[in-house]
Amino acid sequence: MDFDVMKKVPVSEQDPQIRATNFDEVCLGYTKEEAVLEASRCLNCKNARCMQGCPVSINIPGFIAKLKDGDVEGAYNVISLSSSLPAVCGRVCPQETQCEAQCIRGIKGEAVSIGRLERFVADSAKEMGIKPQLPADMVKKDKKVAVIGAGPSGLTCAGDLAKMGYDVTIFEALHKAGGVLVYGIPEFRLPKEKVVAKEVENIKELGVKIVTDAVIGRSLTIDDLFESEGFSAVFIGSGAGLPRFMNIPGEQALGVFSANEYLTRSNLMGAFSPDSRTPIMRAKKAVIVGGGNVAMDAARTAKRLGAEVHVVYRRSEAELPARAEEVHHAKEEGIIFDLLTNPVEIVSDENGWVKGCTCIRMELGEPDASGRRSPVPVEGSEFTIDCDAVIMSLGTSPNPLIKKTTAGLEVNRKGGIVVNESEMTSRAGVFAGGDAVTGAATVILAMGAGKAAAKGIDEYLSAQ
Amino acid sequence: MFEIVTKKCLGPKVFLMEIKAPMIAKKAMPGQFLIVRADKDGERIPLTVCDFDRDTGIITIVYQTVGAETERMSRMNEGECFADVVGPLGNPSDLVDLPIEELKAKKILFIAGGVGTAPVYNQLKWLHDNGVEVDCIQGARTKDLLIFEDEMKAVTKNLYFATDDGSYGIHGNVCVALQKLWDEGVRYDHCVVIGPVIMMKFACQLTKQLGIPTVVSMNTIMVDGTGMCGACRLLVGGEVKFACVDGPEFDGHAVDFDQALQRSRLYKTQEGELMLRLTEGDTHSGGCGMCS
Ligand SMILES: Cc1cc2nc3c(=O)[nH]c(=O)nc-3n(C[C@H](O)[C@H](O)[C@H](O)COP(=O)(O)OP(=O)(O)OC[C@H]3O[C@@H](n4cnc5c(N)ncnc54)[C@H](O)[C@@H]3O)c2cc1C
Ligand SMILES: Cc1cc2nc3c(=O)[nH]c(=O)nc-3n(C[C@H](O)[C@H](O)[C@H](O)COP(=O)(O)OP(=O)(O)OC[C@H]3O[C@@H](n4cnc5c(N)ncnc54)[C@H](O)[C@@H]3O)c2cc1C
Ligand code: SF4
Ligand code: FES
């Protein structure tokens, strides 16, 4: 194949016009030839900077070298030493600010497409039936560990503990395991059956039990887990699921949703499909408030459900917190960005249905303490966008339920659980990680925290 | 799986089911609710825990078939299983936290409307088991719709009936009944109202006039029931609350009922279409222009 070594090997994607009307995956992934060709761009640096950019320090040149030789299984094994969800991370990690941002190739040309290679390796390994295995020398330990939440942090922590020989049970509040991977991130970015369900199956095959429909703090408390259920340690990976609203007039109108509600209906409940009996509003014109990944997912979902979509964000394009790729994909699909704009009121008709969203123009003022230029309203610049739905994607914070029902569990000002360097909370034997600790962050950080906590739990229990 | 061990039809469109759910039966308290899902394509439906037996691990639900999902549930039979039952969710009733002596000193009135009778029953039973005697007004459109009559009698001091058509008990709605008792000199210092939103609205207007502190249980639209989606939000005293985690019980004099009524209509058209599909099946071929 003839290609420009300075650039990434292009990947096939569904045509924007077509994909804006379906929920199939947007990015189709590399073929083996493409993957091996892209792998050949890696310089196999001695001091691999990409690894420093990776929050879990995957041996990137190591797995790419195996791939160059066409050894998919070898490549998969290298990744598995550090990551337990490569098919997920290859798809949703912000590589452009992590590994790929550091890649030497990126100085003069484009970075090696580490994410697509990771995805290729993970997907191919799945097709070949390669799975994570319990270590041959594993000794079963006579101790039970409970994991709260089946998101990336919980699944990872559980998988690692199972590999160390512990008897692990995950308690998940919803009826399906996966956390944000099943309820938040849409099918067109992260297929549920093909990818997420398989990852969950792999964890189960390591011997981890998953109890769905179990809300810790209600169905059982953390004290129950220790006292009546016989667990010796607990990991809290309950995420940051509490949605924020703007507290502006009209927010209670019919047609105003949190992104969590909208996405949960579509993803977890499958409301985009005619087989599902869960209703979802199919808006004609939707305003999405916010500029993060969640906003992009809500916007692209609304688009696929038939709406004209406006993303309203109070800063400028440069500050959009969403991944560049998501913004690019959203634009290709015809989503309109109303930047430097902020809602001030939601207007409704006589029956209480949204009929418009009044916004004010913003301009960027002086940089604040964090160095970000803070937006200030331009007086008298109000205008109304006609719309029938407004979806609030303003971020989320940790759910207070576990804190409320667990005496002595310390949380910080933002509701994040406080942990020490081995991820232990203020309660002995109770560990925590992921969004429940940091507030809304990323899959890879949650996974890393799950790994660190598994190590912490093992040390704690071994010392007993 | 959550097996249906008993199914009873209590009246037109009202069903009782006993379901095996040991983890929930162990923890449930009066005032809490469940979320159930009939099968893998089903919607998540909130229903109050109407009774629980910690020893047998059985919980009871009572529901009215108002839409497609409850209609489908009503077609399930003993021995079949719900795909999911999760709970107990929400906060237990405030009453269960009060010292028993304090409860005994209070004059408490419950007002139950329609299937709201079932959740009221759970609280009455708990109070009765703890030696607290209370009164209750049970309302329905007509006599045939009154459920749980014997059970309710067994756990109340005075049980009054009110039917809109006068076919049983006091002629008129629950407000007429309360006003009548009040005029006869009966006094209460705490009231709990559970039933259709519209009934709770008017009952609260009356208890406010009469100066009786009143608690209501809000049956908003819900999805997860854990505080994650905000579908269940409502205004209480001007503040946004989530019924699933802040409630379901709230100060009835602070709830914005009009808005709650409005929000309950959110998916009405879509739900109506689903119901048509279910009840008319393949005979409903579309084309009449009435449904899109
Ligand atoms: C729409 C959306 C898009 C995103 N896109 C990206 C992206 O592109 N890239 C990226 O890296 N990150 C993305 N993120 C962020 C990422 O998904 C999260 O940071 C990550 O999932 C956090 O993992 P976690 O394990 O900490 O929690 P979660 O994934 O939130 O999982 C927590 C689990 O715990 C369960 N739970 C909560 N409370 C209880 C309880 N009391 N008892 C039992 N179970 C409980 C929840 O139901 C849930 O299943 C996105 C997030 C959202 C919402
Ligand atoms: C905390 C809580 C406890 C509840 N407890 C019970 C209970 O014990 N028994 C019971 O029968 N119901 C109870 N409900 C109400 C029950 O959840 C709804 O009736 C059910 O979701 C309807 O589902 P459906 O698909 O059959 O009807 P839908 O198709 O969703 O609705 C059909 C029609 O009924 C209307 N409707 C929807 N929800 C309600 C409601 N809450 N009240 C009145 N009309 C409604 C809709 O606007 C629509 O027009 C409770 C709700 C909550 C939030
Ligand atoms: S920095 Fe880039 S070129 Fe160097 S090892 Fe990592 S991926 Fe390969
Ligand atoms: S039902 Fe989702 S937050 Fe209450």
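For the numbers below, each heavy atom of this structure counts, side chains included, while hydrogens, waters and symmetry mates do not. Sequence lines set the chain letters: A, B, ... in the order given, protein chains first and strands last, and positions in each chain run from 1.
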Heavy-atom contact with chain A under 4.5 Å, split by part of Ile35(B) = neither
Heavy-atom closest pair (Val245(B) atom, Lys404(A) atom, distance to 0.1 Å) is O-NZ, 4.3 Å
Tightest non-hydrogen contact, residues Arg277(A) and Gly42(B), listed as NH2-CA, 3.3 Å
In terms of heavy-atom contacts, does NZ of Lys209(A) have more than 12 from other residues, nucleotides or ligands at under 6.0 Å?
-> yes
Min side-chain heavy-atom separation Arg263(B)-Leu254(A) under 4.5 Å = yes
Comparing Ala231(B), Cys229(B), Gly230(B) against chain A, the one with the most heavy-atom pairs below 4.5 Å turns out to be Cys229(B)
Relative to chain B, which segment of Ser273(A) carries a heavy atom at a distance below 4.5 Å: side chain, backbone, both, or neither?
-> neither
Set of residues satisfying ring pair (Phe, Tyr, Trp, His ring centres under 6.0 Å) with respect to Tyr121(B), sequence neighbours excluded | Phe148(B)
If we ignore angles and hydrogens, is there a donor and acceptor under 3.5 Å between the side chains of Gln252(A) and Arg233(B)?
-> yes
Can you name the closest pair of heavy atoms from Thr226(B) and Asn399(A) and give their distance?
-> O-ND2, 2.7 Å
Greatest number of non-hydrogen atom pairs under 4.5 angstrom with chain A, of Ile24(B), Asp41(B), Leu235(B), Val223(B), falls to Asp41(B)
So, the part of Ala83(B) with a heavy atom under 4.5 Å from chain A: the answer is backbone
His175(A) side chain reached by Arg44(B) side chain, heavy atoms, under 4.5 Å = yes
Which heavy atom in Asp213(A) sits nearest to a heavy atom in Val86(B), and how many Å separate them?
-> O-CG2, 3.4 Å
Side-chain heavy-atom pair Arg218(A), Lys27(B) within 4.5 angstrom cut-off | no
Lys20(B), NZ atom: more than 12 neighbouring heavy atoms under 6.0 Å | no
Non-hydrogen atoms of chain A under 4.5 Å away: do they reach the side chain of Asp258(B), the backbone, both or neither?
-> neither
Where on Glu229(A) is there a heavy atom nearer than 4.5 Å to chain B: the side chain, the backbone, both, or neither?
-> side chain
Pick one of side chain, backbone, both or neither for Tyr183(A), based on which atoms fall under 4.5 Å of a heavy atom in chain B.
-> side chain
So, do Pro279(A) and Glu43(B) sit near enough that their side-chain heavy atoms are less than 4.5 Å apart?
-> yes
Rounded distance (nearest 0.5 Å) linking atom CZ of Arg37(B) with atom CG of Leu174(A) = 10.0 Å
Taking NZ, NE, NH1 and NH2 as the nitrogens, is one of them in Asp224(B) or Arg265(A) under 4.0 Å from a carboxylate oxygen of the other?
-> no
Any chance NZ of Lys194(A) has more than 12 other-residue heavy atoms, nucleotides or ligands included, within less than 6.0 Å?
-> yes
Counting only heavy atoms closer than 4.5 Å, note whether Ala260(B) contacts chain A via side chain, backbone, both or neither.
-> neither
How about Leu220(A) and Met23(B): do any of their side-chain heavy atoms sit closer than 4.5 Å?
-> yes
Find the one option among Leu401(A), Val211(A), Asp224(A), Leu268(A) whose heavy-atom pairs under 4.5 Å with chain B are most numerous.
-> Asp224(A)
Which residue out of Asp39(B), Asp256(B), Val240(B), Leu89(B) racks up the most heavy-atom pairs below 4.5 Å with chain A?
-> Asp39(B)
Could you pull out all residues at least two apart from Val354(A) that satisfy side chain to side chain contact (heavy atoms under 4.5 Å, CB included)?
-> Ala253(A), Val256(A), Ile346(A), Cys387(A), Val390(A)
State, with a plain yes or no, whether a side-chain heavy atom of Pro243(A) is found less than 4.5 Å away from one of Phe242(B).
-> yes
So which heavy atom on Ser219(A) is nearest to which on Pro88(B), and how close?
-> CA-CD, 4.0 Å
Work out which heavy atom in Gln262(B) is nearest to a heavy atom in Glu350(A); give both atom names and the distance.
-> NE2-O, 4.4 Å
Using non-hydrogen atoms and a 4.5 Å limit, figure out which bit of Lys26(B) sits close to chain A: side chain, backbone, both or neither.
-> side chain
Any side-chain heavy-atom pair of Phe257(A) and Leu266(B) under 4.5 Å = yes
